[in-house]
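Have a look at the structure below, then the notes.
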Amino acid sequence: MGSGQLHYSVPEESQHGTFVGRIAQDLGLQVEELMPRMFRMESQGEGDYFKVNEQNGILFVNSRIDREELCAKSTICTIHLEVIVDKPLGVFHVEVEITDINDNAPAFSVREQNLAILESRVKGSHFPIEEASDADIGTNGQVTYKLSPNEYFSVEEIRNYEHSKSLVLTLNNPLDREVSPEHHLLLSAIDNGEPALTGTILLVISVIDVNDNAPSFNQSVYKVELLENSAIGTLVIKLEASDIDDGINKEISYSISNLVAHNIKEKFNIDSNNGEVRLKEKVDFEESAAYDIQIEATDKGGYPLDIAKLLSRFWI
Ligand SMILES: [Ca+2]
Ligand SMILES: [Ca+2]
Ligand SMILES: [Ca+2]
Ligand SMILES: [Ca+2]
């Protein structure tokens, strides 16, 4: 009984009929003896990927072979076949290696990923993002990343413990929500195949506000003239400050500064919510011809950085 081992290789996804090998010739059998000796092939439970021509002993591809379905990420993918002849009995082992082609683009599990980043994060901060996966092997499955041009972020792979890597966005320039509250970046994953295939994901970065702006008035001094006999409750002026932050960080509370002369607070009051300054007591020209009132606008953010001060001069 003869035996032997043959080795061939064929790329995955080859068309039906693609030539794989001359089995008879490689085993030293004559074409004329194939039929009389009942030359035939048996696959070992591997489906009908291949067929052999029993008259000339040529092995060819029969049905579609998807390397990824058959062997997933294994670096070597082989199909074992058995060729048999009778008189005398010979059993020969044939191994066909299925080589990879670059037929899978790197893929992300979602089309869009949202990130929320505080505008106070320092330069050099890392933010983990999802990696792409590529079902191919070797260079066909090796992925490099590219981010759409922008002045704030770059993409890099950083090494973790145990040789694993993770993909991160790195902050290169300070963020400013007041300038750009949202960034849209296109991340491309490109494999090393020939030709290379690409997968993309949209990164939507929302910049979260911190209280980094004090309220401001649009004028540093307001001058108001008031008649001597104005009634109590008369509206002297409605002040309005603004703050370019967001949410509670832009909400403003108004007050009369504690630094002013004590009689000011007896004569005037201010509504802390709407900035309306009203007369609390009648004013007397003979007593004072002018009042300097310092008004403060403070935001309601957790840690107000600063207070805008405004001098309002009320002439009588
Ligand atoms: Ca492949
Ligand atoms: Ca690929
Ligand atoms: Ca802010
Ligand atoms: Ca603020």
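Heavy-atom basis, side chains included; hydrogens, waters and symmetry copies ignored. Atoms within a ligand are numbered from 1 in the order they appear, just like the ligands themselves.
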Considering just N/O/S atoms, say which atom of Asp245 is closest to the Ca ion (ligand 3).
-> OD1
Rounded to 10°, the O/Asn140 to the Ca ion (ligand 2) to OD2/Asp191 angle comes out at 90°
If we only count heavy atoms from C-beta on, is the Leu29 to Val85 side-chain gap below 4.5 Å?
-> yes
For the Ca ion (ligand 4), the nearest N/O/S atom on Asp299 is atom OD2
With a 3.5 Å cut-off and no angle check, do the side chains of Glu157 and Ser166 form a donor-acceptor pair?
-> no
Calculate the angle formed at the Ca ion (ligand 2) by OD2 in Asp134 and O in Asn104; 10° precision is enough.
-> 80°
Are any N, O or S atoms from Arg177 nearer to the Ca ion (ligand 3) than 3.0 Å?
-> no
Taking just the N, O or S atoms of Glu119, which one is nearest to the Ca ion (ligand 3)?
-> OE2
May I ask you to decide whether Arg40 forms a salt bridge with Asp86, counting only side-chain N to carboxylate O separations under 4.0 Å?
-> yes
Indicate yes or no: does Arg67 engage Asp100 in a salt bridge with an N to O separation below 4.0 Å.
-> yes
Taking the side chain as every heavy atom from C-beta outward, state whether Leu203 and Ile129 have any pair of such atoms under 4.5 Å apart.
-> yes
Does the shortest distance from the Ca ion (ligand 3) to an N/O/S atom of Asp212 fall below 3.0 Å?
-> yes
Is there an N/O/S atom in Asp243 that lies less than 3.0 Å from the Ca ion (ligand 4)?
-> yes
Please state the angle at the Ca ion (ligand 2) spanned by OD1 of Asn102 and OD2 of Asp136: what is it, rounded to 10 degrees?
-> 80°
N/O/S from Asp103 sitting under 3.0 Å away from the Ca ion (ligand 2) = no
Considering only NZ, NE, NH1 and NH2 on the basic side and carboxylate oxygens on the acidic side, decide whether Lys238 and Glu276 come within less than 4.0 Å.
-> no
NZ/NE/NH1/NH2 to OD/OE distance under 4.0 Å, Glu13 and Arg64 = yes
Closest to the Ca ion (ligand 3), which N/O/S atom of Asp209 is it?
-> OD1
For Glu194, does the CD atom sit with more than 12 other heavy atoms under 6.0 Å from it, leaving out its own atoms?
-> no
Quick check: does Asp246 put an N/O/S atom under 3.0 Å from the Ca ion (ligand 3)?
-> no
